[in-house]
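Just so you know, ligand 1 is whichever comes first in the structure, and atom 1 is the first atom listed for that ligand.
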Amino acid sequence: MSKDSLNRLRLRIEDLDVALLKLLNERAAVSVRIGKLKGQNGLSIYDRSREEAIYGYLAQHNQGPLKTSEINRIFSEIISVSRKLQSASARDDSEPRMEWAGDSDTSALSGKTSVYGILGNPVAQSMSPLMHNAAFRSLGIDAIYVPFEVKDLESAVAGIRALQIRGASVTHPFKTRILGLIDQIDVTAKKVGAVNTLVLEGNSIRGINTDWTGAVRCIEGLLPIKDNHFVVVGAGGAARAVIFGITREGGKITLVNRTKDKGLALAEAFGLPFVPLSETENLSGDCLINTTPVGMYPNVEEMPVPKGVVSRYKAVVDVIYNPFKTRLLREAEAEGCLVANGFEMFVFQGVEQFRIWTGRQAPVELMRDVVLERLGTT
Ligand code: ATR
């Protein structure tokens with residue numbers, strides 16, 4: 001190839017890059033306008049069906065030579081940037097409620113303020129304080145929600161009674177251990193075998209599980225649960241909630257776990273077939289669900305199953321939402337699978353907690369947006 005023709009091709013690339021740059025900025029300007037409209041009308045920034053529609057028309061119009069999976073990868077980044085732009089412009093143009101979203105104004109606290117919190121370790125990364133505080137403030141409820149990094153769970157539970165903490169979320173690694181330390185456990189939480197929500201009633205602590213409702217809602221956004229076959233990876237608290245929800249809605253499950261004993265124990269409790277993680281490649285089904293922390297920030301290049309496995313499923317769900325799209329979901333999308341992350345699960349377990357604690361309908365859109373905005377900036 002002559003040097004001249006190489007230079008000519010490079011100049012052509014440069015022209016195309018400049019044209020693409022112009023189009024990308026035009027697209028970004030439209031996104032900002034959409035964000036403003038969403039902000040003014042109190043609509044959620046994240047709209048999964050709209051994002052799916054975008055991938056749909058891209059696949060329809062794609063004439064190659066780029067593969068649809070390659071186009072999807074590129075647009076996944078464009079859409080992610082658009083979401084951030086929309087969040088920022090929605091905040092600028094929204095009703096005053098958004099002013100409450102991220103601030104840390106404590107001047108309104110008094111001796112009458114109800115205290116809620118989250119018990120976990122670690123807990124610094126939790127989005128629950130942001131989400132619940134935004135909800136309390138937007139509805140003018142005199143309450144605050146704080147993170148508690150728990151060193152000693154038994155003492156923490158005693159502290160809830162002693163300090164009259166009205167309610168708490170329970171997260172990793174305490175969702176099953178808490179069962180033996182509280183006074184009452186809801187029938188559903190008993191069946192799940194895990195508690196993620198505590199309510200103080202007088203001096204008695206009641207444990208509830210709201211994780212499973214979030215899981216059902218998330219999965220049903222992709223495919224019907226009834227009569228479909230789900231392969232669930234992991235045997236911790238998150239797996240229990242997912243398994244309970246799917247079983248309750250009439251789905252079939254195969255359980256997969258790294259540690260055989262732990263996996264077998266959970267499989268037996270729910271009457272499920274068990275397969276060790278090392279044999280996942282022999283499995284297939286309608287939907288693969290990851291409930292392990294593998295792939296979570298900062299280990300974002302890790303995957304709970306080998307790469308090729310995702311092509312054996314129509315849909316793939318990851319309970320992780322930080323990063324918003326794990327490597328598992330990116331690989332699945334490239335294979336043409338429907339995907340969902342743990343974002344909706346997380347928001348809806350919180351929405352249900354809020355209803356239980358306050359007796360009020362939660363401001364769902366606001367709760368979604370504050371978490372989305374924070375995720376977009378980390
Ligand atoms: P949670 O209650 O939040 O679901 P957990 O009880 O610690 O968390 O459960 C985490 C699950 O992820 C477990 O099933 C764990 O597998 P093991 O039973 O073998 O410990 C699984 N898990 C965690 N890290 C993993 C890894 N690196 N590879 C595979 N599975 C992993």
Side-chain angles (χ1 to χ4, degrees), residues 118-128 147 149-150 153 168-182 185 189-198 207-215 218-219 230-246 253-270 272-281 283 288-307 309-310 316-323 326-328 331 341-343 345-346 349-350 353:
I118 178 164
L119 311 183
N121 194 341
V123 87
Q125 80 297 343
S126 172
M127 302 278 172
S128 291
E149 187 168 290
V150 173
L153 186 61
S169 308
V170 182
T171 189
H172 186 79
F174 302 128
K175 286 184 183 181
T176 43
R177 245 209 283 158
I178 194 88
L179 290 168
L181 300 172
I182 53 182
I185 301 164
K190 243 185 221 156
K191 285 188 187 150
V192 176
V195 158
N196 75 320
T197 309
L198 302 178
I208 302 167
N209 188 297
T210 69
D211 280 333
W212 72 270
T213 32
C218 170
I219 298 164
F230 296 81
V231 172
V232 176
V233 184
R240 287 177 166 275
V242 166
I243 290 168
F244 176 79
I246 295 173
I253 301 172
T254 300
L255 181 66
V256 171
N257 197 47
R258 176 181 61 178
T259 307
K260 196 173 167 195
D261 290 353
K262 196 169 170 188
L264 271 175
L266 181 59
E268 224 164 78
F270 281 89
L272 308 174
F274 171 76
V275 172
L277 184 61
S278 53
E279 291 169 30
T280 343
E281 273 160 298
L283 288 172
L288 177 77
I289 305 185
N290 174 46
T291 71
T292 77
V294 183
M296 194 188 283
Y297 180 83
N299 304 314
V300 296
E301 282 312 309
E302 290 181 3
M303 281 179 75
V305 293
K307 196 171 147 187
V309 162
V310 287
V316 177
V317 175
D318 200 328
V319 299
I320 297 169
Y321 57 89
N322 190 9
T326 54
R327 174 146 179 237
L328 176 74
E331 299 289 352
N341 65 9
F343 173 67
M345 278 189 213
F346 171 71
Q349 61 78 35
Q353 288 182 327

- Pair Q349-T213, side-chain donor/acceptor within less than 3.5 Å: no

- Message: Could you tell me if N196 and D211 have a donor-acceptor pair between their side chains, going purely by distance under 3.5 Å?
- Response: yes

- Message: For F230, give me all partners under ring-ring contact (aromatic ring centres under 6.0 Å, His included), at least two apart in sequence or on another chain.
- Response: none

- Item | Residues in ring-ring contact (aromatic ring centres under 6.0 Å, His included) contact with F270, at least two apart in sequence or another chain | none

- Message: Suppose we screen for side-chain hydrogen bond (donor to acceptor under 3.5 Å, both in side chains). Which residues come up paired with T280, at least two apart in sequence or across chains?
- Response: none

- Under 6.0 Å from the CD atom of E268, do we count more than 12 heavy atoms belonging to anything else shown? no

Put together the list of close N/O pairs, under 3.5 Å, between ligand 1 and the protein, could you?
{"unit_1": "ligand 1", "atom_1": "2 (O)", "unit_2": "G237", "atom_2": "N", "d": "2.8"}
{"unit_1": "ligand 1", "atom_1": "3 (O)", "unit_2": "H172", "atom_2": "ND1", "d": "3.4"}
{"unit_1": "ligand 1", "atom_1": "4 (O)", "unit_2": "G237", "atom_2": "N", "d": "3.1"}
{"unit_1": "ligand 1", "atom_1": "4 (O)", "unit_2": "A238", "atom_2": "N", "d": "3.0"}
{"unit_1": "ligand 1", "atom_1": "8 (O)", "unit_2": "H172", "atom_2": "ND1", "d": "3.3"}
{"unit_1": "ligand 1", "atom_1": "14 (O)", "unit_2": "A235", "atom_2": "N", "d": "2.7"}
{"unit_1": "ligand 1", "atom_1": "14 (O)", "unit_2": "N257", "atom_2": "OD1", "d": "2.8"}
{"unit_1": "ligand 1", "atom_1": "16 (O)", "unit_2": "N257", "atom_2": "OD1", "d": "3.4"}
{"unit_1": "ligand 1", "atom_1": "18 (O)", "unit_2": "N257", "atom_2": "ND2", "d": "2.9"}
{"unit_1": "ligand 1", "atom_1": "19 (O)", "unit_2": "R258", "atom_2": "NE", "d": "2.9"}
{"unit_1": "ligand 1", "atom_1": "19 (O)", "unit_2": "T259", "atom_2": "N", "d": "3.0"}
{"unit_1": "ligand 1", "atom_1": "19 (O)", "unit_2": "T259", "atom_2": "OG1", "d": "2.4"}
{"unit_1": "ligand 1", "atom_1": "20 (O)", "unit_2": "R258", "atom_2": "NH2", "d": "3.0"}
{"unit_1": "ligand 1", "atom_1": "27 (N)", "unit_2": "R258", "atom_2": "NH1", "d": "3.4"}

